[in-house]
Number of protein chains: 2
Amino acid sequence: MIQSIDRAAKILALLQGARRLGIGELAAGLQLPPSTVHGIVKSLQAHGLVVQEAVGNRYMLGPALLKLSSVYLDTLDVRARAMRWMHELSRRTGLASRLGVESFGEVILIHHDRRPDDTEQMPETGLTIPSHASAIGKVLLAYSDEHAADVLARPLRNLTADTLTDPDKLRSEFPLIRRDALATENEEAVIGESSMAAPIIDGHGEVVAAVAIVIPANEWPPADATANILRETARNISRELGARSWPPSV
Amino acid sequence: MIQSIDRAAKILALLQGARRLGIGELAAGLQLPPSTVHGIVKSLQAHGLVVQEAVGNRYMLGPALLKLSSVYLDTLDVRARAMRWMHELSRRTGLASRLGVESFGEVILIHHDRRPDDTEQMPETGLTIPSHASAIGKVLLAYSDEHAADVLARPLRNLTADTLTDPDKLRSEFPLIRRDALATENEEAVIGESSMAAPIIDGHGEVVAAVAIVIPANEWPPADATANILRETARNISRELGARSWPPSV
DNA sequence: GTGCACCATTCGACATTATCGAATGTAATT
DNA sequence: AATTACATTCGATAATGTCGAATGGTGCAC
């Protein structure tokens with residue numbers, strides 16, 4: 001591990017949490033002399049990875065990250081294949097749909113198709129959500145022992161009154177999730193919002209992502225037809241990725 | 001400039017262009033020994049900034065970039081203020097709208113509101129477009145001498161038959177753009193697609209972004225009413241940012 | 001099925017390079 | 001106008017990343 005790159009990445013992570021920080025605050029965060037941090041920040045700035053705020057002298061994340069992330073999304077085969085199926089999913093169910101993958105124990109959303117009404121909705125692509133409190137996360141955990149071991153070893157954060165924070169309770173859902181190829185989450189992450197997810201597998205039979213629909217709590221539970229459309233979507237995407245069979249075998 | 005960070009950023013830039021590269025290819029691109037590149041790539045990988053493809057041993061950009069970019073977008077005051085006005089703009093005009101800022105001589109789109117029909121549309125946030133071939137770019141050039149000097153000094157790439165590649169022709173549009181607080185682009189970037197943009201200013205009177213509508217070529221030119229709604233949108237966003245007057249003075 | 005070739009990866013000596021503390025500059029605050 | 005709290009610059013030092021050679025692994029061809 002190259003020291004200065006490690007430090008640079010940690011600076012980006014700090015800015016990710018705090019939005020705007022001065023050299024001194026970053027130096028305190030890394031426990032390094034300000035001059036050292038300054039050199040690293042200036043190097044990042046030269047590449048547009050951080051920018052200095054127009055007024056004041058604190059630093060924040062830079063636009064180069066947006067450009068890089070846009071290319072990252074383009075490299076994802078799952079996403080390209082999933083997009084049209086997800087649009088169809090949202091159209092048929094009238095619900096927002098999400099596509100997520102695992103990254104460092106969390107779920108990161110790599111696509112989002114809005115609910116098909118004309119209300120204003122936040123773009124959710126790029127958001128990260130805790131694995132244990134999302135339907136997508138539960139799917140990914142249920143199909144990967146090592147991922148599950150990783151996540152369930154750490155303490156699970158409480159997001160709402162209904163968040164499952166007991167590893168054993170969570171683990172007990174996994175067999176059912178694998179049986180139905182379907183996971184649910186009922187106001188466990190956000191009050192008033194539930195979701196349901198299904199696994200997506202690639203040509204090697206590996207679960208590489210999960211697709212979900214977001215259901216307002218007052219429409220819970222969804223009709224059987226809705227769940228079937230979701231499963232159908234996951235199967236169609238999987239088939240496009242070269243999967244021979246669906247649901248995935250354990 | 002710290003050497004290893006500079007090299008790391010260049011590796012990210014190479015992957016941005018080429019999607020998937022092996023250590024050897026990266027080493028050739030940077031003209032460095034493979035072992036040196038390997039050390040840098042592994043450091044980036046440890047932080048999720050790059051990932052190794054599941055099968056094969058090439059590397060590609062990683063999910064950490066997506067998470068970082070998501071936070072970057074959240075830090076942008078303009079974007080937060082612009083979103084609801086842009087949704088209104090798209091609703092009233094029936095057209096897709098875009099919000100862009102300047103970065104390293106290019107335009108980078110920081111928000112996108114889809115056309116309000118149920119067709120499938122690519123999310124465009126994060127895309128970069130050449131300044132000289134976009135309405136947003138023309139606005140940002142027209143209001144910033146130093147930015148214009150920068151961009152127009154370099155050769156201008158041809159994107160369609162109608163792309164303006166002569167710096168003088170482009171420069172001659174600037175007074176009109178400033179007079180009307182409105183720039184247009186007619187199939188100069190993408191065949192079949194035109195656009196029209198207006199400047200957004202902040203509390204200091206600086207042009208910090210531009211908002212645009214995307215117009216199918218067969219609907220060109222747009223009605224005067226459409227242009228007025230666009231200008232109104234830019235004014236409303238500017239006012240929320242603390243601007244005292246609009247259009248911006250030169 | 002075996003051997004070959006290519007490429008990623010590991011390792012350790014070396015000197016380049018980042019680091020750090022002190023000095024300087026800058027802007028805001030009283 | 002003086003003071004404080006920053007960011008920023010500079011140069012000596014040795015810690016650090018770099019590089020070439022050796023190793024390991026994987027896929028392809030014969």
Side-chain angles (χ1 to χ4, degrees), chain A residues 1-62 75 77 202-206 242, chain B residues 1-62 75 77 202-206 242:
Chain A
M1 169 75 71
I2 293 174
Q3 188 183 51
S4 60
I5 293 180
D6 185 44
R7 289 172 170 179
K10 286 188 175 130
I11 285 173
L12 293 177
L14 277 177
L15 289 171
Q16 187 174 85
R19 306 284 144 102
R20 293 156 193 268
L21 292 173
I23 293 288
E25 295 168 302
L26 288 167
L30 293 185
Q31 301 198 266
L32 286 173
S35 56
T36 302
V37 172
H38 183 256
I40 297 170
V41 169
K42 282 297 170 189
S43 302
L44 291 172
Q45 186 180 19
H47 289 277
L49 296 167
V50 305
V51 290
Q52 202 163 13
E53 59 183 354
V55 56
N57 41 23
R58 290 178 306 178
Y59 292 87
M60 42 193 262
L61 296 175
T75 60
D77 208 19
D202 66 6
H204 308 290
E206 297 287 324
Chain B
M1 170 74 73
I2 292 173
Q3 189 184 50
S4 61
I5 294 180
D6 184 45
R7 290 172 169 178
K10 286 187 176 132
I11 286 174
L12 294 178
L14 277 176
L15 289 171
Q16 186 174 83
R19 306 286 144 101
R20 294 154 192 269
L21 292 172
I23 293 288
E25 295 167 302
L26 288 168
L30 293 185
Q31 300 198 264
L32 286 173
S35 55
T36 302
V37 172
H38 183 255
I40 297 171
V41 168
K42 281 299 170 188
S43 301
L44 290 171
Q45 186 180 19
H47 289 276
L49 296 167
V50 305
V51 291
Q52 201 162 14
E53 57 182 355
V55 55
N57 41 22
R58 290 178 307 177
Y59 292 87
M60 42 193 263
L61 296 175
T75 61
D77 207 20
D202 65 6
H204 308 289
E206 296 287 324

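Just so it is clear: chains get the letters A, B, ... in the order the sequence lines come, proteins before strands, and each one is counted from 1. Quick caveat: nothing in here was measured; it's all calculated off a predicted structure.
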Given side chain to side chain contact (heavy atoms under 4.5 Å, CB included), test A:V51 with A:Q45 step by step and report yes or no. CA-CA 6 Å; A:V51 290; A:Q45 186 180 19; 5.6 Å; no

Hey, can you pull the residues of residues 10-18 of chain B with a non-hydrogen atom under 4.0 angstrom from DNA chain C?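 Nucleic-acid contacts, sorted: none.
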
What nucleotide among C:dT9, D:dT18, C:dT19 has an atom nearest to a side-chain atom of A:Q3?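 Taking heavy atoms from C-beta onward, the closest nucleotide is C:dT19.
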
Within residues 26-51 of chain B, residues whose heavy atoms come under 4.0 Å of DNA chain D: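 Going residue by residue through residues 26-51 of chain B, the ones with a heavy atom under 4.0 Å of DNA chain D turn out to be B:L32, B:P33, B:S35, B:T36.
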
Quick one: on DNA chain D, does A:Q52 or A:M1 contact a more 5' nucleotide (nearest heavy atom)?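 Nearer the 5' end of the strand: A:Q52.
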
Working to the nearest 0.5 angstrom, can you tell me the gap between [X] [atom1] and [Y] [atom2]?
| X | Y | atom1 | atom2 | answer |
| --- | --- | --- | --- | --- |
| A:K42 | A:I23 | NZ | CD1 | 7.0 Å |
| B:E53 | B:R58 | CD | CZ | 4.5 Å |
| A:R7 | A:S43 | CZ | OG | 13.0 Å |
| A:L49 | B:L49 | CG | CG | 9.0 Å |

Which residue pairs pass the side-chain hydrogen bond (donor to acceptor under 3.5 Å, both in side chains) test when at least one of the two sits in residues 26-41 of chain B, sequence neighbours left out?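 For residues 26-41 of chain B, and leaving out neighbouring residues, there are no side-chain hydrogen bond (donor to acceptor under 3.5 Å, both in side chains) pairs at all.
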
Starting at atom [atom1] of [X], determine the distance to atom [atom2] of [N], rounded to an integer number of angstrom.
| X | N | atom1 | atom2 | value |
| --- | --- | --- | --- | --- |
| A:R58 | D:dT8 | CZ | P | 13 Å |
| B:I5 | D:dG17 | CD1 | C1' | 12 Å |
| A:I2 | C:dT10 | CD1 | P | 13 Å |
| B:I23 | D:dT26 | CD1 | P | 16 Å |

If only side-chain N and O atoms of B:Y59 are considered, is one of them under 4.0 Å from the OP1 or OP2 phosphate oxygen of C:dC7?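 Looking at the OP1 and OP2 atoms of C:dC7, neither is under 4.0 Å from any side-chain N or O of B:Y59.
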
It should be established whether B:R7 places a side-chain nitrogen or oxygen under 4.0 Å from OP1 or OP2 of nucleotide D:dT18.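 Checking B:R7 against D:dT18: at least one side-chain N or O falls below 4.0 Å of OP1 or OP2.
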
Just to verify, which of B:L15, B:L44, B:I11 counts as forming a side-chain contact (heavy atoms from CB on, under 4.5 Å) with B:L61?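 Answer after filtering B:L15, B:L44, B:I11: B:L15.
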
Check each of A:I40, A:L26, A:L12 against A:V50 using the side-chain contact (heavy atoms from CB on, under 4.5 Å) test, and report the only one that passes.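 Among A:I40, A:L26, A:L12, the one that satisfies the side-chain contact (heavy atoms from CB on, under 4.5 Å) with A:V50 is A:L12.
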
Could you give me the CA-CA distance, side-chain angles and deciding distance for A:K10 and A:D6, then say whether side chain to side chain contact (heavy atoms under 4.5 Å, CB included) is met? CA-CA 6 Å; A:K10 286 188 175 130; A:D6 185 44; 2.8 Å; yes

